[in-house]
Amino acid sequence: MGHAARRPALRSVLAGDVEDAARSLLGRTLSAGGVTVRLTEVEAYAGTGEDPASHAHRGQTTRNAIMFGPAGFAYVYFTYGMHWCMNVVTGTPGVASAVLLRAGEVVSGVDAARARRPAVRRDVDLARGPARLCSALGIDRSAYGLDLLDRASPVRLSGGPSPVPPDAIAAGPRVGVTGAHDLEWRFWIAGDPTVSAYRRHVPKARI
DNA sequence: GGGCCGATCAAG
DNA sequence: TTGATCGGCCCA
């Protein structure tokens, strides 16, 4: 067994602070449905009472229950009546923090990803956005609650080629979030072409 | 039970 | 810029 410097076990990193967990997920790979992406953009969400933008902000419900469990499990949700998005649950049991996977670079299974997203022209757009990423990997409701660190899981998170150095990570406000604009909890690999476009939340006009 | 709105995307 | 489309959550 080699002894080259390695990152600490992923599960223990995920069990800690959500911001650290989010940063450490960059550069890791996520595999499902014959496709593997290298994560290039993520967002941190804190738990109940701390973060108005979190799906767990108002407490535990059937939908968000998995967020209250241990780290490393998948919180998948349906939105806008048509899209799936995936989070990695972080923190210790009782702490409902999670990291939204916003974008990735398809590093293998490009053909399978293209088959699921026929309208896409450039490879960099295959998983450029949280719902696009799930679509490219074929992730839907059936992935809810899976242990992403279990070797036998159909949706799997692994180490990735190499750690992303801190100075290669950029941070900014989260996409589509109404409040907490001072909080820079969106993290991405600086300069990476697969990072999604930033869209500030625009409140609908009230009459 | 009713109404509102969203951690989005693709086309115009 | 806008429409698609529906589940979750709040309030009555």
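Chain naming here is simple, since letters A, B, ... match the order of the sequence lines and numbering starts at 1 in each.
For C:dG3, the paired base is B:dC9 (Watson-Crick or G-U wobble, both distances below 3.5 Å).
Pairing each heavy atom of A:Asn64 with each of A:Thr61, the nearest pair is OD1-N, 2.7 Å.
Side-chain proximity of A:Ala119 to B:dA11, C:dG8, B:dG6: nearest is B:dA11. For A:Tyr75, taking side-chain heavy atoms from C-beta onward, the closest of the listed nucleotides B:dA7, C:dT5, B:dC9 is B:dA7.
Considering only side-chain N and O atoms, A:Arg58 lies under 4.0 angstrom from the phosphate OP1 or OP2 of C:dC10. The side chain of A:Arg199 places no N or O atom within less than 4.0 Å of a non-bridging phosphate oxygen (OP1 or OP2) of B:dC9. Regarding contacts with the backbone of B:dA10, a side-chain N or O of A:Arg117 is found under 4.0 angstrom from either OP1 or OP2. Regarding contacts with the backbone of C:dC9, a side-chain N or O of A:Thr61 is found under 4.0 angstrom from either OP1 or OP2.
In this structure, A:Ala53 reaches the bases: a heavy-atom distance under 4.0 Å links it to at least one base atom across the strands shown. Contacts of A:Phe78 with the nucleic acid, taken as non-hydrogen atoms under 4.0 Å apart, involve only primed sugar atoms and P, OP1 or OP2. Among the protein residues, A:Arg174 comes within range of no part of the nucleic acid, since none of its heavy atoms lies under 4.0 Å from any strand. A:Arg186 comes within contact range of no nucleotide atom at all, as no heavy-atom separation falls under 4.0 Å.
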